[in-house]
Colleague: 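A single structure is presented below for examination.
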Amino acid sequence: MSETEDVPQSQSTSAASRPAPRRRKRAAASSDESSDDDDTPLATSPAKPKKTKSAAVPMPGAKAATTVSAKSVNGNGRAAAKAKAKAKVKAEPKSDPESEDEDEDDSTPAPNRKRKPVAASSKKAPPSKKVKRESDDDDSDDDAPLAATTPKKAPAKRASKKVKAESDADEDEKPVKKKRATKKAKDESPSDVKPKKGRSKSATAKDELAEGEADEVYKWWEAQQANSGDGEEKWQTLEHNGVIFPPPYESLPSNVKMKYKGKEVVLTPEAEEVAGFYGAMLETDHAQDATFNKNFFTDFLKVLADYPPRNGVRHGAKKEIKKQKDALEEKYTSCVLDGRKEKVGNFRVEPPGLFRGRGDHPKKGALKLRVRPEDITINIGAGVPTPVPNMPGQWKQVVHDKTVTWLANWVENVNGNYKYVFLAAGSLLKGQSDMAKFEKARELKKHVDRIRSDYTADLKSKVMADRQRATAMYFIDRVALRAGNEKGEDEADTVGCCSLRCEHVTLEAPNFIIFDFLGKDSIRYYNRVTVDQQVFKNIRLFKDNKDDSDNLFDRVNTSLLNKHLASYMKGLTAKVFRTYNASITFQQQLDEGTPEMATVQEKLNAYNHANRMVAILCNHQRSAPKTHEQSMEKMRERLRGFKYDWMKLRHVLFAMDPKYKKKKGFAEDESDIDDDFVAQHEDSLKAKEIEKAEKKFAKENEKLVEEGSTAQKDSVLKERVDSIKDEFKRLAKERGTKKASLKRDRPPEKLEEAVQKLGEKIKTFKLQMDDREAGKEVALGTSKINYLDPRITAAWCKTHEVPIEKIFSKTLLTKFPWAMEADDDWKF
DNA sequence: ATGGGGACTTAGGAGGCACCCC
DNA sequence: GGGGTGCCTCCTAAGTCCCCAT
């Protein structure tokens, strides 16, 4: 609902026909108007697009508030507005000369962000809940992304483009699509591409397979070649078994029926399956969602039309044992690529279901159809057996395209997107490209200073396009925004840097910018940052005379931006900045934050802290675990319990010898342990002990009876309970006296030791709590998997003697074999 | 330039499972 | 030893970016 109120104003053209277009399609960076106003950075926005959903900005506060910019007339008369803008811009640079150059400031470090609450629409917690994350923000010295460290090591020895022809082999089957294959050049001998070292022989595929099966690890990263370019051949031989289709639908038992308006309806298996999809989601938010329901019922009715309800139902077999399933799947789990056995990633064809689009995706709830062999294209080596589908039917096509890495693909029916079957993350192909990604990011170290000084200069460029580009680069570099491609009408309305609209950015004098928009996966990005004075001015300029729904950067798009970046360094794109800034920040945080003499747990905390800084920088969120608050409360309770014990022990010591009060650390008071708490705590301890005594008593009796003796009398229990009660009476008397005694005496040394130990325990426990609280809405995994060069972790673990298994799960270890051998002094 | 096709990486949530604490 | 519970794996959606045709 909501949503619908689009604001049709402003778009001269288009309009009507389409129902509520949500945003413009293109950034209209065209030169059209007085373009190239070489010396007039104009804030003109060409062809006014349609509207945007006004509801998009979740945070009312941030949105409306504080718009410092000179808003003024928002133009209807485009031309007039334009002229005005023009005049204005011309003047602008001079209008406030003071701040024109000065600030070289370097502010806005990356990882500091005050997170704000979350948007209604986005899944995340409601406003008040979002806690500001960790370190506060604002300039700090730790502006990681900015500090370029010196390259430590020569980067990437990437092989020169090595392209080959598809090799004659392909004649037979259908031709491979045009695409990049066009790039390939003439052939070289296969051995050119194959890694040399680490291979004993140039064996045939079969031979090497044997090797692979012997579980020998092939250390491709020790070999010469660096495979990575596009259009290059990715393999020479490839054998696999295709994909496995999900089992057919099995009907419910005949006594299970759907009711419609109180009457039982006997569905066909086809319809029942679809009804089941929905039934499975009744308890989820999806079923409450209007779009979801609309789409689902539209599709469901279609199914019902094709398969009208009838009488009589059959039901099939039972659930399969996992073992059976495994056996069935076994052959699909691996393939043989260039003679080596490799794991296949997603060999299971996606089963039919309801499309679960994220955020407010217009197609959520639509029926995702069952995929059949006729939908699937298989990519496989020429001359090896073509797999046979495990369901009736023929593959759509079989190709032998060596320039790509997928084994199978199909086009999904809801959005028309391609789906691919790739090798698993631990495979050579994926590993190589992963390593290449990080080497690329490290290469950026050599260029980043120049790039930064260039865009800093360009922030003042007279050419609007350049000034916008520089500003966009500033955001990408400093706050790690994504590139921000244009999106279509039938997708959720989310943005990135280049697709930001005016409504997503608010100025706050003197030099703050507040970002508030929905990014990838409709995750809210909220960030208030200090920026260069010039950036502040630029944004004011770019917003001038535009509507909220207009693109902030009307002269920039990702393609232009990346083209520019590539002029600095081959393969440099916006996304490399995220990898670079993430990894370099991480390295710095670790270097600065790892304690030398510390427990493993403390080091792990330092690691997690660094990890978290990166996750915050990249805005990797998760929804706080549902049980979070509850479990925090439990921890707090436990902590107070520890503190109570600790206090008691100390008081015993104090009673023995007052000199202990002076002992280092012993004098501390427990501010959150007041008499109320003590009373309550002792009550609950008492209750527990009594319960324990009762249980023990019952058990003893049980045993006695079993052995043929008579049970103890109840008076025995009573005695015990009374003794417990007495003990707690004594404790109650001790309250507030700062003195205590024990049932059993212990020598002071022992007590001292115990106090010490408990103190330690409390310390670590507190650390754990802080860690958990700070991390409740931050997803660490995403950066660990995708952005942090694993060699940083490997080296750190060696240096600080932390077992890497404490940090990398099994799958991550499998994914990063190539990083494990990094020396302990390796730096990103 | 623009727009769409295509391939590949990055992303959060669901659900399973080991583990931990009572 | 039984049930939370927190982490890991799986799943697949949603990005980025390149290429090509128009």
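Only a predicted model underlies this, so the values are computations on that prediction, with no experimental measurement involved. Every chain is numbered from 1, with letters handed out A, B, ... down the list of sequences.
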Colleague: Quickly work out the A:Trp406 CH2 to B:dG5 P distance and round it to whole Å.
Modeller: 16 Å
Colleague: Separation of A:Gln432 atom CD from B:dT9 atom P, in whole Å?
Modeller: 12 Å
Colleague: Using the salt bridge (Lys or Arg N to Asp or Glu O under 4.0 Å) criterion, which residues pair with A:Arg469? Sequence neighbours excluded.
Modeller: A:Asp458, A:Asp466
Colleague: Distance check needed: B:dC8 P versus A:Lys440 NZ, whole Å only.
Modeller: 16 Å
Colleague: What's the CZ-P distance between A:Phe422 and B:dT10, to the nearest Å?
Modeller: 12 Å
Colleague: Taking for each residue the nucleotide of DNA chain B bearing the nearest heavy atom, is the 5' side occupied by A:Val411 or by A:Asn786?
Modeller: A:Val411
Colleague: Measuring to OP1 and OP2 of B:dG12, would you say a side-chain N or O of A:Ser623 lies under 4.0 angstrom away?
Modeller: no
Colleague: Starting at atom NZ of A:Lys784, determine the distance to atom C1' of C:dC7, rounded to an integer number of angstrom.
Modeller: 10 Å
Colleague: Please find out if less than 6.0 Å separates the ring center of A:Phe586 from that of A:Tyr607.
Modeller: yes
Colleague: Would you say A:Asn415 and A:Asp490 are linked by a side-chain donor-acceptor pair, where the criterion is simply a distance under 3.5 Å?
Modeller: no
Colleague: Examine A:Phe355 together with A:His361 and report whether their ring centres are nearer than 6.0 Å.
Modeller: yes
Colleague: Just N and O in the side chain of A:Tyr787: are any of them under 4.0 Å from OP1 or OP2 of B:dT9?
Modeller: no
Colleague: Can you tell me if A:Ser559 touches the phosphate of C:dC17, counting only side-chain N or O atoms and a distance under 4.0 Å to OP1 or OP2?
Modeller: no
Colleague: I need the CG-P distance between A:Leu780 and B:dT10, as an integer number of Å.
Modeller: 17 Å
Colleague: How many whole angstroms separate atom CG of A:Asn557 from atom P of C:dC17?
Modeller: 12 Å
Colleague: For A:Lys343, does the NZ atom have more than 12 heavy-atom neighbours from other residues, nucleotides or ligands under 6.0 Å away?
Modeller: no
Colleague: Over how many whole Å does the gap from A:Leu813 atom CG to C:dC8 atom P extend?
Modeller: 11 Å
Colleague: Pick base, sugar-phosphate or nothing for A:Asn409, based on heavy-atom distances below 4.0 Å to the nucleic acid.
Modeller: sugar-phosphate
Colleague: At under 4.0 Å between heavy atoms, how does the protein contact nucleotides 9-16 of chain C? Give one character per nucleotide, 5' to 3', with B, S or -.
Modeller: S-SBSBSB
Colleague: Need to verify one output field. Residue with the more 5' nearest nucleotide on DNA chain B, A:Asp434 or A:Lys563?
Modeller: A:Lys563
Colleague: Tell me whether A:Thr585 contacts the main-chain N or O of A:Asn581 through its side chain, where contact means a donor paired with an acceptor under 3.5 Å.
Modeller: yes
Colleague: Run the side chain to side chain donor-acceptor pair (under 3.5 Å) test against A:Asn786 and tell me which residues pass, sequence neighbours left out.
Modeller: none
